[in-house]
Amino acid sequence: MEHKDIDHLFRHHSGKMVSVLTRIFGLAHLDIIEDAVQDTFLKASVSWRKQQPDYPEAWLTKAAKNRVLDIFRTLKTQQKHIGQLSTGTDAIAINELFLDKEIEDAQLRMIFTACHPKLDPRDRISFSLKTVSGFSTKEIASALLTKDETIKKRLMRARKSIQKADLKFSIPQGKALKERLETVMEVLYLIFNEGFHSNKKEQLIREDLCGEAMRLCQLLLKHETTRQPKVYALFALMCFHSARLASKTNINNEVLDLKHQDRTQWHFPLVQLGNTMMNKAVDTEEFSSYHYEAAIAAEHLKAHSFEDTDWDKILQWYLSLYELQPMPSHVLTMAVICLQNNDYKSAESYFKKLDPDTLEQRKYLYYGAKADYYKATNNLKSALEHIGKAINYVNNDLEKQYLLKKQAAWLKET
């Protein structure tokens with residue numbers, strides 16, 4: 001079996017295994033549990049080199065169950081780990097814990113544990129990405145636009161905070177639910193965005209991450225207490241963006257901007273599902289940032305062609321979004337929208353409000369957009385200067401090729 005297949009299975013199953021094992025042995029033994037899950041997949045990667053099992057997922061489930069027994073025996077022989085471990089295993093049979101419903105319950109418990117208010121906000125996000133969805137430290141750093149070492153420190157700090165506070169592995173109720181649900185949704189949003197527009201050098205789209213984020217969002221929608229309008233809005237947003245995944249690159253694996261995407265490739269069953277979710281999402285008097293982002297995505301999908309796009313309506317939604325959630329990336333997008341409307345004066349005013357360094361790993365988008373602005377205003381010299389900066393800062397190879405192709409076309413005009 002190829003490494004990419006192992007990686008896919010790890011992404012899909014590691015969070016489930018960690019959650020179930022944590023339900024059995026408790027948060028105090030999380031390090032041991034994560035090591036055990038890692039060991040299971042390492043063994044799989046070795047034993048599957050020659051021959052893949054007929055049912056890989058069943059193989060991993062069985063291996064996880066065996067690791068439950070191994071860990072239990074190990075912990076029983078170490079006095080410092082005994083605690084109340086027998087309670088969980090006596091209360092619920094191991095086989096039952098691996099039923100779909102119990103796995104979902106365990107994952108929801110893990111999600112909300114990771115988003116506990118006693119953890120630093122930055123640590124909650126990093127810890128969730130690691131334990132719930134199996135992100136590597138490097139992937140978390142990329143998703144959160146920070147350094148690997150910083151993420152390692154956050155993960156260590158989160159584990160220490162959990163042990164110090166003696167947190168319960170449970171789904172919050174009442175007032176506590178609202179605050180922690182916000183953080184859960186933020187984490188799922190980040191997971192999806194990393195899939196939809198990956199920072200990974202050689203890969204632009206990671207459908208497995210988009211699918212994972214949607215799966216976890218569906219877990220929230222299945223549970224009565226977390227089935228709320230803003231969660232429907234987040235899921236609608238994911239549906240709308242996922243509908244366009246196939247059109248983001250062409251058969252030569254080249255990046256296509258929205259103007260040049262083949263709209264016949266858009267997956268309209270997902271659009272319809274997103275519309276259904278939005279109908280449920282608007283059953284509220286208070287709109288979230290996910291409501292506005294979903295509305296923006298829906299406007300793009302409504303347009304039969306790029307030229308038919310209602311940029312005025314999209315700018316209106318972005319202004320509402322910015323009022324609720326002032327972020328540099330929103331200012332940049334509003335500048336781009338003004339370019340599409342040939343409103344160069346307004347675009348320039350938005351650019352002046354931005355410091356590209358605040359966009360961190362995405363600052364190449366600023367220079368790329370500013371290059372388009374100079375090109376549109378017949379300043380080819382400045383356009384080439386800024387697209388050169390964009391090329392220097394971009395990390396993804398496919399996006400770099402896209403910018404190089406544009407640069408080459410402009411150079412022919414000199």
Side-chain angles (χ1 to χ4, degrees), residues 138-139 141-148 150 193-206 244-245 247-262 300 306-307 309 311 314-315 318 322 327-414:
K138 186 175 182 179
E139 288 170 330
S142 176
L144 301 183
L145 306 177
T146 188
K147 298 178 181 178
D148 290 7
T150 301
N193 275 358
E194 174 60 18
F196 185 70
H197 194 152
S198 176
N199 278 302
K200 200 169 184 178
K201 185 175 177 61
E202 69 281 2
Q203 191 174 0
L204 178 66
I205 301 167
R206 301 179 62 183
R244 294 197 297 108
L245 284 177
S247 66
K248 290 188 70 179
T249 55
N250 61 19
I251 57 174
N252 297 318
N253 203 30
E254 296 173 324
V255 173
L256 296 175
D257 56 31
L258 188 59
K259 183 176 182 179
H260 297 97
Q261 288 177 14
D262 181 358
H300 286 298
F306 186 79
E307 290 71 24
T309 305
W311 293 109
I314 290 175
L315 181 58
Y318 261 108
Y322 185 77
M327 294 174 60
S329 59
H330 297 332
V331 177
L332 177 60
T333 303
M334 288 189 283
V336 172
I337 292 169
C338 291
L339 289 181
Q340 299 301 331
N341 268 340
N342 299 321
D343 183 359
Y344 304 125
K345 185 175 181 180
S346 295
E348 183 182 21
S349 68
Y350 282 123
F351 281 125
K352 286 181 177 179
K353 294 178 181 180
L354 286 167
D355 175 358
D357 287 337
T358 61
L359 296 166
E360 300 189 46
Q361 291 184 28
R362 302 283 193 190
K363 66 181 176 181
Y364 71 92
L365 295 174
Y366 168 86
Y367 289 109
K370 197 70 180 290
D372 288 336
Y373 163 77
Y374 282 122
K375 182 66 170 60
T377 53
N378 300 313
N379 188 340
L380 186 56
K381 180 180 179 181
S382 294
L384 288 169
E385 177 187 344
H386 280 75
I387 202 168
K389 290 182 179 180
I391 291 167
N392 287 334
Y393 285 119
V394 69
N395 182 57
N396 183 272
D397 288 339
L398 296 183
E399 290 184 286
K400 180 171 288 188
Q401 290 303 316
Y402 169 80
L403 292 170
L404 286 168
K405 189 175 180 179
K406 181 184 284 190
Q407 181 189 50
W410 290 356
L411 283 170
K412 289 180 180 179
E413 300 180 23
T414 57

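Please read all numbers here as calculations on a predicted model, not as lab measurements. Note: hydrogens, waters and symmetry copies are ignored here, and every other heavy atom, side chains too, is used.
- At least one side-chain heavy atom of F351 sits under 4.5 Å from a side-chain heavy atom of L332.
- The two residues L354 and P328 come nearest to each other via the heavy atoms CD2-O, 3.3 Å.
- Between atom CG of residue D343 and atom CE of residue M334 there is a gap of 13.0 Å, rounded to the nearest 0.5 Å.
- The aromatic rings of Y374 and H386 lie tilted to each other, with the angle between the two planes from 30° to 60°.
- Separating the OH atom in Y367 from the CG atom in L359 is a distance of 9.5 Å, to the nearest 0.5 Å.
- At a threshold of 4.5 Å between non-hydrogen side-chain atoms, the residues E254 and K405 count as touching.
- Considering every non-hydrogen atom in both Y322 and M327, the closest pair reads CE1-N, 3.4 Å.
- Using modelled atom types and a 3.5 Å distance limit, the side chains of N395 and Y364 yield no donor-acceptor pair.
- Counting heavy atoms of neighbouring residues, nucleotides and ligands inside a 6.0 Å radius, atom OH of Y393 does not exceed 12 of them.
- Of the candidates H300, K259, Q340, H300 is the only one forming a side chain to side chain contact (heavy atoms under 4.5 Å, CB included) with T309.
- Between the OH atom in Y318 and the OG1 atom in T333 there is a gap of 4.0 Å [rounded to 0.5 Å].
- Listed for the H260 side chain is no donor-acceptor partner under 3.5 Å among the backbone atoms of L256.
- Going from atom NZ of K248 over to atom CG of D262 covers 15.5 Å, rounded to the nearest 0.5 Å.
- In this structure a side-chain-to-backbone donor-acceptor pair under 3.5 Å is missing from N193 to F196.
- Of all heavy-atom pairs spanning A335 and A347, the tightest one is O-CB, 3.6 Å.
- A distance of 9.0 Å separates CG of L403 from CG of L365, quoted to the nearest 0.5 Å.
- Nearest heavy atom pair, residue L398 against residue T249, reads CD1-CG2, 4.5 Å.
- Summarising the geometry of Y350 relative to V331, their closest heavy-atom pair is O-CG1, 3.5 Å, with the distance given to 0.1 Å.
- When all heavy atoms of V255 and Y402 are compared, the closest pair comes out as O-CD1, 3.6 Å.
- Rounded to the nearest 0.5 Å, atoms CG (D372) and CD1 (I387) are 7.0 Å apart.
- Checked against I391 for a side chain to side chain contact (heavy atoms under 4.5 Å, CB included), the options K400, Q401, K406 give a single hit: K400.
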